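Atom set for the values below is all heavy atoms of this structure, side chains included, hydrogens, waters and symmetry mates excluded. The structure presented is a predicted model; accordingly, all values stated were derived computationally and were not measured.
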Amino acid sequence: MKRIAILGSTGSIGVQALDVIRANPESFELEVITAHSNADLLIRQALEFKPNVVVIAREDLYEQVQEALQHEDIKVYAGAKAICSVVEMGTVDMVLTAMVGYAGLLPTIHAIKAGKQIALANKETLVVAGQLITNLAREKGVNIYPVDSEHSAIFQCLAGEFHNPIEKIILTASGGPFRGKTAAELASVTKAQALKHPNWDMGAKITIDSASLMNKGLEVIEAKWLFGLRNDQIEVVVHPQSIIHSLVQFEDGSIKAQLGLPDMKLPIQYALGYPQRLRSDFPRFSFLDYPQLTFEQPDLKTFRNLQLAFDAMERGGNMPCILNAANEVAVSAFLRDEVGFLQMSDIIESCMTKVAYIANPSYDDYVNTDEEARKLATLLLNK
């Protein structure tokens, strides 16, 4: 029985993780759930699962959550500091980090320092501070189990191969809703169009990132740190059907691929249940339903975000932190209809050029870089 803390239980990954826990009561016990601002759903989840602790990040919503749960044997806290504290509890075995964006970094650091195993759905943690996080995890003897479908696929392909050197990995990308479109066509796309992903059901931020291929760029940087790779060992190929989730090529030329229907519950369950594969009733894949699996080169000129991510990884230091902060501001503005689809890349590139570069950043440097990049991106929005 693993006792689980879910950071971001009301988001897409968090909700699906609760489906996994609901279906496997003999394997998992829910110890902690947290949410940023969706108090209503957090309350419903708490009443169903009866966790030990509930945290709402927005302190102005504390009274609503506390009042709704006052007759339950559930502790209720509020604020970002509380999230960092509850992951250190002795009753937690594994922390699923499913918070969106940079906000997931500090709670993950606290969880690792407390020796908790990590199921990582918050890719920004490794994008922003990959070296710091991986060094800390090694020091504390903590395993980081990937939840992203692509990184889970690589992890699954490496089972039994951990002593065999990787030649390269190939991350697959669906191409998103705008695959094949020209820059001229992208200039006028709307938020509603960008939020219609052809294969995956995800939260708004990651869906926009997928449409711009920034999500794949963030996954490239995440993969470097998760699997200890050189920059030149990571490739991206567009695979519109999203059946092959990623591939690993070994030094003998053999390639392993992990296949399945596009359903995040499988990688979530694999991370939570590792090293066991738990039985599931998820829909099964049939080759006869997909007689053709196709592959294309990504268009790095039209979808500049992916190239910017490769550039940030190549530069290293705090550059991926700058990339991430600028992207979070740009995506938020796009979702508010304040900036066009292509202008997001302009803002990110400008921040990467103008924010101070630090080759060997400390944690405080990451904090300051994030703040500086956000300020500049916000300033550029208002020009």
Side-chain angles (χ1 to χ4, degrees), residues 8 10-17 19 38 98-101 121-124 127 146-153 171-183 185-220 222-223 236-246 258-268 282-283 285 289-290 292-300 302-306 308-309 324 327-328 330-337 339-342 344-345 348:
T10 60
S12 175
I13 294 293
V15 167
Q16 293 177 83
D19 288 341
N38 193 342
M99 298 169 71
V100 176
N122 174 261
K123 62 176 68 66
E124 291 86 354
V127 170
V147 170
D148 270 344
S149 62
E150 295 81 0
H151 302 91
S152 176
L171 295 172
T172 56
S174 70
F178 304 137
R179 180 176 64 89
K181 288 195 179 296
T182 64
E185 290 171 316
L186 291 177
S188 59
V189 299
T190 66
K191 173 178 70 176
Q193 290 171 318
L195 286 170
K196 288 182 180 176
H197 196 281
N199 300 334
W200 296 93
D201 180 15
M202 306 174 290
K205 195 267 182 183
I206 191 172
T207 304
I208 299 302
D209 280 347
S210 294
S212 72
L213 291 197
M214 177 58 86
N215 187 55
K216 203 53 49 181
L218 299 179
E219 288 174 0
V220 165
E222 181 185 9
V236 172
V237 65
V238 174
H239 168 50
Q241 295 81 21
S242 295
I243 295 300
I244 295 178
H245 297 303
S246 279
Q258 188 264 333
L259 287 72
L261 293 170
D263 184 346
M264 278 306 300
K265 290 196 195 68
L266 197 150
I268 292 169
F282 306 150
F285 168 73
D289 293 333
Y290 292 83
Q292 286 190 316
L293 299 179
T294 60
F295 307 92
E296 309 163 7
Q297 279 284 107
D299 181 353
L300 299 179
T302 304
F303 294 90
R304 291 164 50 214
N305 280 356
L306 180 53
L308 291 173
N324 180 73
N327 180 63
E328 287 190 20
V331 170
S332 180
F334 179 73
L335 287 168
R336 296 192 305 270
D337 298 313
V339 67
F341 187 81
L342 293 178
M344 291 192 290
S345 300
I348 296 162

Asker: Specify the closest pair of heavy atoms between H197 and G176, including all atoms of both residues, with the distance to one decimal.
Answerer: NE2-CA, 4.1 Å
Asker: Side chains of T172 and E150: do they bring a donor and an acceptor to under 3.5 Å?
Answerer: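 Judged by distance alone, the side chains do not pair up.
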Asker: When you measure from the side chain of H151 to the backbone of E219, do you find a donor-acceptor pair of N or O atoms at a distance under 3.5 Å?
Answerer: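 Indeed, once roles are kept as given, a pair shorter than 3.5 Å links the two residues.
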Asker: Going by atom types only, do K123 and N215 share a side-chain donor-acceptor pair under 3.5 Å?
Answerer: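 A pair is found: one side chain offers a donor N or O, the other an acceptor, under 3.5 Å apart.
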Asker: Check side chain to side chain donor-acceptor pair (under 3.5 Å) between Q258 and all other residues, then give those that pass, not counting sequence neighbours.
Answerer: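 Scan of Q258 (side chain to side chain donor-acceptor pair (under 3.5 Å), adjacent residues dropped) gives none.
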Asker: Is it the case that the side chain of K191 and the backbone of L335 share a donor-acceptor pair, with hydrogens and angles ignored and the cut-off at 3.5 Å?
Answerer: yes
Asker: Would you say the side-chain atoms of Q241 pair up with the backbone N or O of T294, donor to acceptor, closer than 3.5 Å?
Answerer: yes
Asker: Side chain of T207, backbone of G203: donor and acceptor closer than 3.5 Å?
Answerer: yes
Asker: With sequence neighbours excluded, tell me which residues meet side chain to side chain donor-acceptor pair (under 3.5 Å) with Q16.
Answerer: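 Here the qualifying residues are S12.
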Asker: Closest heavy-atom contact between P198 and P177?
Answerer: CD-N, 3.7 Å
Asker: Looking at CE of M344 and CG of N305, how far apart are the two atoms once the value is rounded to the nearest 0.5 Å?
Answerer: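 If we round to the nearest 0.5 Å, M344:CE and N305:CG are 6.5 Å apart.
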Asker: Can I13 and I268 be said to form a side chain to side chain contact (heavy atoms under 4.5 Å, CB included), step by step?
Answerer: CA-CA 8 Å; I13 294 293; I268 292 169; 4.0 Å; yes
Asker: If you measure from OG on S246 to CG on L259, what distance do you get to the nearest 0.5 Å?
Answerer: 10.5 Å
Asker: Could you tell me whether the side chain of L213 reaches within less than 4.5 Å of the side chain of R304, counting heavy atoms only?
Answerer: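 Contact flag for R304/L213 side chains = no.
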Asker: Measure the spacing between CG of L186 and NZ of K181 and express it to the nearest 0.5 Å.
Answerer: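 Taking CG in L186 and NZ in K181, the distance rounds to 7.5 Å.
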Asker: Nearest 0.5 Å, please: how far is CD in E185 from CZ in F341?
Answerer: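 Spacing of CZ (F341) from CD (E185) equals 12.5 Å.
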Asker: Write down the atom of A194, the atom of I208, and the distance for their closest heavy-atom approach.
Answerer: CB-CD1, 3.6 Å
Asker: Apply ring pair (Phe, Tyr, Trp, His ring centres under 6.0 Å) to Y290 and list each qualifying residue two or more places apart in sequence or on a separate chain.
Answerer: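 If we apply the ring pair (Phe, Tyr, Trp, His ring centres under 6.0 Å) test to Y290, skipping adjacent residues, the hits are F285.
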Asker: Can you check whether N38's main-chain N or O pairs, donor with acceptor, with T10's side chain at less than 3.5 Å?
Answerer: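 Pair absent, no side-chain N/O of T10 close to backbone of N38.
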Asker: Is it true that a side-chain atom of S210 and a backbone atom of I206 form a donor plus acceptor pair closer than 3.5 Å?
Answerer: yes
Asker: Does any non-hydrogen side-chain atom of V220 lie less than 4.5 Å from one of V236?
Answerer: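 Yes, at least one pair of side-chain atoms sits under 4.5 Å.
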Asker: Taking side chain to side chain donor-acceptor pair (under 3.5 Å) as the definition, give me every residue that meets it alongside K205, ordered by chain and number, with sequence neighbours left out.
Answerer: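 With sequence neighbours excluded, K205 shows a side chain to side chain donor-acceptor pair (under 3.5 Å) to E124, D209, given in chain and number order.
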Asker: What distance separates L266 CG from S152 OG, expressed to the nearest 0.5 Å?
Answerer: 7.0 Å
Asker: Which heavy atom of F178 sits nearest to which heavy atom of F303, and what is that distance?
Answerer: O-CZ, 3.4 Å
Asker: How close do F295 and H239 get, heavy atom to heavy atom, and via which atoms?
Answerer: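 Closest pair (atom of F295, atom of H239, distance): CE2-ND1, 3.5 Å.
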Asker: Say you draw a straight line from OG of S174 to CD1 of I243; how long is it, rounded to the nearest 0.5 Å?
Answerer: 11.5 Å
Asker: Show the numbers, then the answer: is there a side chain to side chain contact (heavy atoms under 4.5 Å, CB included) between N122 and V100?
Answerer: CA-CA 6 Å; N122 174 261; V100 176; 5.8 Å; no
Asker: Suppose we screen for ring pair (Phe, Tyr, Trp, His ring centres under 6.0 Å). Which residues come up paired with H245, at least two apart in sequence or across chains?
Answerer: W200
Asker: Determine whether V238 and K216 make a side-chain contact, defined as any pair of heavy atoms from C-beta on separated by less than 4.5 Å.
Answerer: no
Asker: Output all residues satisfying side chain to side chain donor-acceptor pair (under 3.5 Å) with D263, sequence neighbours left out; order by chain, then residue number.
Answerer: none
Asker: Give the minimum heavy-atom separation between S242 and P262, together with the two atoms involved.
Answerer: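 Of all heavy-atom pairs spanning S242 and P262, the closest is O-CD, 3.8 Å.
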